[in-house]
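Working notes for the structure below.
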Amino acid sequence: MKTPRLPIALQQAVMRALRQALTRANQALKTDYPEPRLLYQQRGTAAGTAWLEPWEIRINPVLLLENQQAFIDEVIPHELAHLLVWKKFGRVAPHGKEWKWMMEQVLGVPARRTHQFEVQSVRSRTFAYRCQCQQHQLTVRRHNRVLRGESEYRCVHCGSLLKAGEFVPC
């Protein structure tokens, strides 16, 4: 899927929100953490991801366009909090007590682990597979691995090999 073009005003609003949250955190923590790099290349159903070592935040441009204010209010601080926690505490649980503290006490944002956005527009195509007990939906990646003979998948319930095609109950 082609990445949509984001309006400059929206990109500026996202950057403004990032800078405001970072300024707030730097003042509260008495630090001077640098501005993370902001990329609009997150794919799939994730709204965003924080990349610790390169100090960057990747944003899903499709979900951003569809949920602009929620991104500015929630997603940007959420991902920034991951980076700040890593700098302050090192490697800890991704949504643990340190992250929750950073979100609520430092950034002043409710600590929600996942977004509630509608993801139909970014959900990838799936392929029907069947086993002895039910139908399964495999992602494009898994389906292609089966086609190339690189992988085979089994049902976690009945243990039988998944076969391409619709499930027909007996």
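Keep in mind that the numbers below use all heavy atoms, side chains included, and drop hydrogens, waters and symmetry copies. Counting begins at 1 with the first residue of the sequence.
Note: the hydrophobic cluster containing Val106 also contains Trp55 (ILVMFWY, side chain heavy atoms under 4.5 Å, direct or indirect links). Criterion: ILVMFWY side-chain heavy atoms under 4.5 Å apart, direct or through other members. Under it, Met102 and Trp86 are part of a common hydrophobic cluster.
At least one side-chain heavy atom of Pro36 sits under 4.5 Å from a side-chain heavy atom of Leu22. For the pair Lys88 and Leu29, the minimum side-chain heavy-atom distance is below 4.5 Å. Side-chain contact between Leu80 and Ile57 is present, with at least one heavy-atom pair separated by less than 4.5 Å. Within the 4.5 Å cutoff, the side chain of Thr31 has no heavy atoms near those of the Leu84 side chain. The side-chain heavy atoms of Leu63 and Thr45, taken from C-beta on, include no pair separated by under 4.5 Å. Considering only heavy atoms from C-beta on, Leu162 comes within 4.5 Å of Cys155 through its side chain.
Annotation: salt bridge (charged side-chain N to carboxylate O under 4.0 Å, His left out) contacts of Arg142 (sequence neighbours excluded): none. Judged as a salt bridge (charged side-chain N to carboxylate O under 4.0 Å, His left out), and not counting sequence neighbours, Glu53 has no contacts.
The environment of Trp101 atom CH2 is dense: over 12 non-hydrogen atoms of other residues, nucleotides or ligands sit within 6.0 angstrom. More than 12 heavy atoms of other shown residues, nucleotides or ligands fall within 6.0 angstrom of atom CZ in Arg148.
A distance of 8.0 Å separates CH2 of Trp51 from CD of Gln42, quoted to the nearest 0.5 Å. Note: Gln27 CD to Asp32 CG = 11.0 Å, rounded to the nearest 0.5 Å. Taking CG of Leu107 as the start and CD of Gln20 as the end, the distance is 12.0 Å to the nearest 0.5 Å. To the nearest 0.5 Å, the span separating CG on Leu161 from CZ on Arg130 amounts to 10.0 Å.
The ring pair (Phe, Tyr, Trp, His ring centres under 6.0 Å) analysis of residues 142-162, with sequence neighbours excluded, yields the pairs Phe127-His143, Tyr129-His143. The salt bridge (Lys or Arg N to Asp or Glu O under 4.0 Å) analysis of residues 55-65, with sequence neighbours excluded, yields the pairs Arg37-Glu56, Glu56-Arg58.
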Just distance, no hydrogens or angles: give the donor-acceptor pairs under 3.5 Å from side chains in residues 9-18, sequence neighbours left out.
unit_1: Gln11; atom_1: NE2; unit_2: Leu6; atom_2: O; d: 3.0

Distance-only donor-acceptor hits, side chain of residues 89-96, under 3.5 Å, sequence neighbours excluded:
unit_1: His95; atom_1: NE2; unit_2: His78; atom_2: NE2; d: 3.3
unit_1: His95; atom_1: NE2; unit_2: His82; atom_2: NE2; d: 3.3

Test log, rule side-chain contact (heavy atoms from CB on, under 4.5 Å), inputs Asn144 and Leu147: CA-CA 5 Å; Asn144 286 335; Leu147 292 179; 4.0 Å; yes
Intermediate values then yes/no, side-chain contact (heavy atoms from CB on, under 4.5 Å), Ile59 and Val75: CA-CA 9 Å; Ile59 298 298; Val75 176; 4.3 Å; yes
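In summary, Glu152 and Arg154 engage in a salt bridge, as defined by a charged side-chain N under 4.0 Å from a carboxylate O. Using a cut-off of 4.0 Å between Lys/Arg side-chain N and Asp/Glu carboxylate O, Arg112 and Glu74 are scored as salt-bridged.
Judged purely by atom type and a 3.5 angstrom limit, Ser160 uses its side chain to pair as donor or acceptor with the backbone of Gln132. For Trp99 (side chain) and Arg113 (main-chain N/O), no donor-acceptor pair under 3.5 Å exists by modelled atom type. Using modelled atom types, one side-chain atom of Glu79 and one backbone atom of Ala50 make a donor-acceptor pair closer than 3.5 Å. A donor-acceptor distance shorter than 3.5 angstrom exists from the side chain of Asn60 to the backbone of Gly44, with no hydrogens or angles considered.
Nearest heavy-atom pair, Met103 versus Pro77, reported as atom, atom and distance to 0.1 Å: SD-O, 3.6 Å.
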